[in-house]
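These notes concern the structure reproduced below.
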Amino acid sequence: MRRCVIAMVGVAVGTGLLSGCEAIDAPLAAVQMRADGAPYALIRPCGDDRVQGLSLTGTKAKDGSGPNLSGWRVPDTVQPGDADFPLFSPLAGWHARPAGTRTPVADYTYQLGFMKGEYNYEYSVTLTFRAADLAKLKPGQVWADDRAMSLGEFEELAEDSC
């Protein structure tokens, strides 16, 4: 009986250790159209967090899966702070690797994403959008959290998520 109880406790502890905590999907990224018609990315990692997997992926699949046909990928962990940059031209110091077309393609689904670049991966960020979502934005609006909102609403949403 004692061996059975010890085995059951061992299985429960092992399961807890292996399952770990799942990263939350935080609304820390947005896209907007600037007055000159250029699409911009806005990322707001928490505090001075380092991030990894920073990328823009454009695919023909509606769910954003498949090969990257339009976007870029940052190969290393970076500490971007709050950053606004042209959607297809991330900051030079990040050494992003471009992929395919460098302008929004009407029938592509885009995903702008990153995750906290530390051992605990407390959060990940995936913003999904299409060129049509950008075209619908009014001046001063951004696309974040699967909807159009004001820049102020996004900033508050991002801050509250940290």
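Along the sequence shown, the residues carry numbers beginning at 1. For the numbers below, each heavy atom of this structure counts, side chains included, while hydrogens, waters and symmetry mates do not. If you're wondering where the values come from, they're calculated on a predicted model, not measured in any experiment.
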Check: Do the side-chain N and O atoms of Thr126 and Gln111 include a donor-acceptor pair separated by under 3.5 angstrom?
Finding: no
Check: Given side chains that start at C-beta, do those of Pro80 and Trp94 come closer than 4.5 Å, heavy atoms only?
Finding: yes
Notebook entry, point to check: Rounded to the nearest 0.5 Å, what separation is found between the OH atom of Tyr123 and the CD atom of Glu118?
Noted result: 8.0 Å
Next item on the list: Sort and list the pairs that fulfil disulfide bond (SG atoms under 2.5 Å apart) and have at least one residue in residues 41-120, not counting sequence neighbours.
Entry: Cys46-Cys162
Checklist line | Reported CH2-to-CG distance for the pair Trp143 and Leu137, which is rounded to 0.5 angstrom | finding: 7.5 Å
Check: Rounded to the nearest 0.5 Å, how far does CG of Leu112 lie from OG1 of Thr57?
Finding: 9.0 Å
Next item on the list: Answer whether the closest heavy-atom distance between the side chains of Thr77 and Leu54 falls below 4.5 Å.
Entry: no
Margin query: Restricting to side-chain contact (heavy atoms from CB on, under 4.5 Å), what partner residues turn up for Pro86, sequence neighbours left out?
Written below: Tyr40, Ser89
Notebook entry, point to check: Is there a side-chain contact between Pro45 and Lys116, using heavy atoms and a 4.5 Å cut-off?
Noted result: no
Margin query: Running the 4.5 Å side-chain criterion over Ile, Leu, Val, Met, Phe, Trp and Tyr, what cluster does Met149 land in, apart from itself?
Written below: Leu42, Val142, Leu151, Phe154, Leu157
Checklist line | side chain to side chain contact (heavy atoms under 4.5 Å, CB included) evaluation trace for Gln79 with Asp48 | finding: CA-CA 7 Å; Gln79 190 171 13; Asp48 61 354; 3.3 Å; yes
Notebook entry, point to check: Does Arg147 have any salt bridge (charged side-chain N to carboxylate O under 4.0 Å, His left out) partners at least two apart in sequence or in another chain, and if so, which?
Noted result: Asp145
Margin query: Contact between Pro39 and Val31 at the side-chain level, heavy atoms closer than 4.5 Å - yes or no?
Written below: no
Next item on the list: Quick one: pull up CD in Glu122 and CD1 in Ile24 and give me the separation to the nearest 0.5 Å.
Entry: 8.0 Å
Margin query: Quick check: do Arg130 and Tyr108 have side-chain heavy atoms less than 4.5 Å from each other?
Written below: no
Margin query: Does anything in residues 150-162 form a salt bridge (Lys or Arg N to Asp or Glu O under 4.0 Å)? List the pairs, not counting sequence neighbours.
Written below: Arg44-Glu155
Check: Taking all non-hydrogen atoms of both residues, which atom of Pro90 and which atom of Phe85 are closest, and how far apart?
Finding: CA-CD1, 3.5 Å
Notebook entry, point to check: Where do Val125 and Ala29 come nearest, in terms of heavy atoms and distance?
Noted result: CG1-CB, 3.7 Å
Check: What's the shortest heavy-atom distance between Pro75 and Ala96, and which atoms?
Finding: CD-CA, 4.5 Å
Note to self: Nearest 0.5 angstrom please: Met115 CE to Leu28 CG, how far?
What the structure shows: 13.0 Å
Under 3.5 Å donor-acceptor pairs involving side-chain atoms of residues 64-73, not counting sequence neighbours:
unit_1: Ser65; atom_1: OG; unit_2: Asp63; atom_2: OD1; d: 2.6
unit_1: Ser65; atom_1: OG; unit_2: Asp63; atom_2: OD2; d: 3.4
unit_1: Asn68; atom_1: OD1; unit_2: Gly58; atom_2: N; d: 3.0
unit_1: Asn68; atom_1: OD1; unit_2: Ser70; atom_2: N; d: 3.2
unit_1: Asn68; atom_1: ND2; unit_2: Leu56; atom_2: O; d: 3.1
unit_1: Ser70; atom_1: OG; unit_2: Thr101; atom_2: O; d: 2.8
unit_1: Ser70; atom_1: OG; unit_2: Tyr110; atom_2: OH; d: 2.9
unit_1: Trp72; atom_1: NE1; unit_2: Leu87; atom_2: O; d: 2.7

Note to self: For a quick test of reading the model, state the closest non-hydrogen atom pair linking Gln141 to Gln32 and the distance between them.
What the structure shows: O-CB, 3.6 Å
Checklist line | Pair Lys62 + Asp107, salt bridge at N-O below 4.0 Å | finding: no
Note to self: Does Val78 form a side chain to side chain contact (heavy atoms under 4.5 Å, CB included) with Val51? I'd like the steps, not just the answer.
What the structure shows: CA-CA 5 Å; Val78 294; Val51 301; 3.9 Å; yes
